[in-house]
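A quick write-up on the structure given underneath.
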Amino acid sequence: MKKVLFTSTIMLIVLSNCKHNSQETLSIKPNPVNQVAFEVLSDENFLTQDVNLDLGNSWVNDIQLDNGKKWTANPETNIGVEKMKGILKNQVTDRLSDYHNLAIQLTSEKNYVIKECTMKGPSHENLHIWLLPLMEKLEALSEAKNIVEALEIKNNIIENVEGYDHYFQ
């Protein structure tokens with residue numbers, strides 16, 4: 001069974017890396033706090049296993065609009081998300097290495113969003129509700145062990161990235 005070990009430490013790292021707090025770029029590296037652990041599965045039980053990674057995008061239950069309107073995001077955040085959309089649309093993912101490369105490219109844009117973030121207050125808090133599950137998924141994609149797993153994660157990354165437009169402008 002896949003297990004994702006993810007604690008509030010990641011939230012603290014992300015919050016401390018926004019532009020108004022730091023000029024450093026966040027790069028998640030496997031460690032006991034945020035490492036994705038996989039159990040070896042046979043092909044027949046892989047598709048039916050219980051997955052603890054939030055691939056259902058339950059973040060939409062926590063995120064809020066600004067009194068029924070979209071939050072205003074800083075231009076750099078919007079640019080970074082648009083670049084992620086372009087990468088997802090154009091990156092060929094025929095092999096497992098392609099999925100790993102996709103994770104690298106998307107992580108680069110995610111780091112840009114974090115580095116250039118100037119948002120504050122409720123809009124910033126809601127951006128992190130959207131961003132934290134995406135970070136988990138990018139880490140999981142970079143560690144995917146087979147194409148079936150990688151495709152499932154990629155599809156949920158697409159849903160996450162496309163969901164941005166419902167809450168931010």
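We count residues from 1, following the sequence as given. FYI, side chains are in, hydrogens and waters are out, and symmetry mates aren't considered; it's all heavy atoms of this structure.
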**Request:** Measure the spacing between NZ of Lys137 and NZ of Lys110 and express it to the nearest 0.5 Å.
**Result:**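 Result: 14.0 Å between the selected atoms.
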**Message:** Could you measure the distance from the CG atom of Leu102 to the CG atom of Leu141? Nearest 0.5 Å is fine.
**Reply:**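 Between Leu102 CG and Leu141 CG, I get 5.5 Å after rounding to 0.5 Å.
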Validation row: [X], [Y] side chains within 4.5 angstrom (heavy atoms):
X	Y	result
Phe168	Leu127	yes
Thr107	Ser142	no
Trp59	Leu134	no

**Request:** If a pair satisfies salt bridge (charged side-chain N to carboxylate O under 4.0 Å, His left out) and one of its residues is in residues 98-108, list it, with sequence neighbours excluded.
**Result:**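 Salt bridge (charged side-chain N to carboxylate O under 4.0 Å, His left out) check on residues 98-108 returns Arg95-Asp98.
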**Message:** Please check: side-chain N/O of Asn101 versus main-chain N/O of Ser97, any donor-acceptor pairing under 3.5 Å?
**Reply:**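 Side chain of Asn101 to backbone of Ser97: no pair is present.
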**Asked** Distance-only, no hydrogens or angles: does the Ser108 side chain make a donor-acceptor pair with backbone N or O of Ile104 under 3.5 Å?
**Response**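 Absent.
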**Prompt:** Which pairs with one or both residues in residues 64-75 pass side-chain hydrogen bond (donor to acceptor under 3.5 Å, both in side chains), sequence neighbours excluded?
**Reply:**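 Non-adjacent pairs meeting side-chain hydrogen bond (donor to acceptor under 3.5 Å, both in side chains): Asn74-Glu76, Asn74-Thr77.
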Kindly give the heavy-atom pair with the smallest separation between [X] and [Y], and that separation in Å.
X	Y	result
Glu162	His166	O-CD2, 3.9 Å
Gly80	Val113	CA-CG2, 3.7 Å
Ala103	Leu138	CB-O, 3.8 Å

**Prompt:** Which residue pairs pass the ring pair (Phe, Tyr, Trp, His ring centres under 6.0 Å) test when at least one of the two sits in residues 79-105, sequence neighbours left out?
**Reply:**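 Listed by first then second residue: nothing to list.
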**side-chain contact (heavy atoms from CB on, under 4.5 Å) involving Asn155 - partner list, sequence neighbours excluded** =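 So Asn155 forms a side-chain contact (heavy atoms from CB on, under 4.5 Å) with Leu151, Ile158.
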Pairs of donor and acceptor atoms involving the side chains of residues 83-94, under 3.5 Å and at least two apart or interchain, shall be tabulated with distances.
{"from": "Lys85", "atom 1": "NZ", "to": "Glu82", "atom 2": "OE2", "distance (Å)": "3.0"}
{"from": "Lys85", "atom 1": "NZ", "to": "Asp165", "atom 2": "OD1", "distance (Å)": "3.1"}
{"from": "Lys85", "atom 1": "NZ", "to": "Asp165", "atom 2": "OD2", "distance (Å)": "2.1"}
{"from": "Asn90", "atom 1": "ND2", "to": "Gly86", "atom 2": "O", "distance (Å)": "3.0"}
{"from": "Gln91", "atom 1": "OE1", "to": "Gln105", "atom 2": "NE2", "distance (Å)": "2.7"}
{"from": "Thr93", "atom 1": "OG1", "to": "Lys154", "atom 2": "NZ", "distance (Å)": "3.0"}

**Request:** Taking side-chain hydrogen bond (donor to acceptor under 3.5 Å, both in side chains) as the test, write out the residues that go with Asn78, two or more places apart.
**Result:**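 Checked Asn78 against side-chain hydrogen bond (donor to acceptor under 3.5 Å, both in side chains); matches are Tyr164.
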**Request:** Identify whether Leu65 and Ile129 are in the same connected component of the hydrophobic contact network (ILVMFWY, side-chain heavy atoms under 4.5 Å).
**Result:**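 As far as the 4.5 Å side-chain criterion goes, Ile129 and Leu65 are connected within one cluster.
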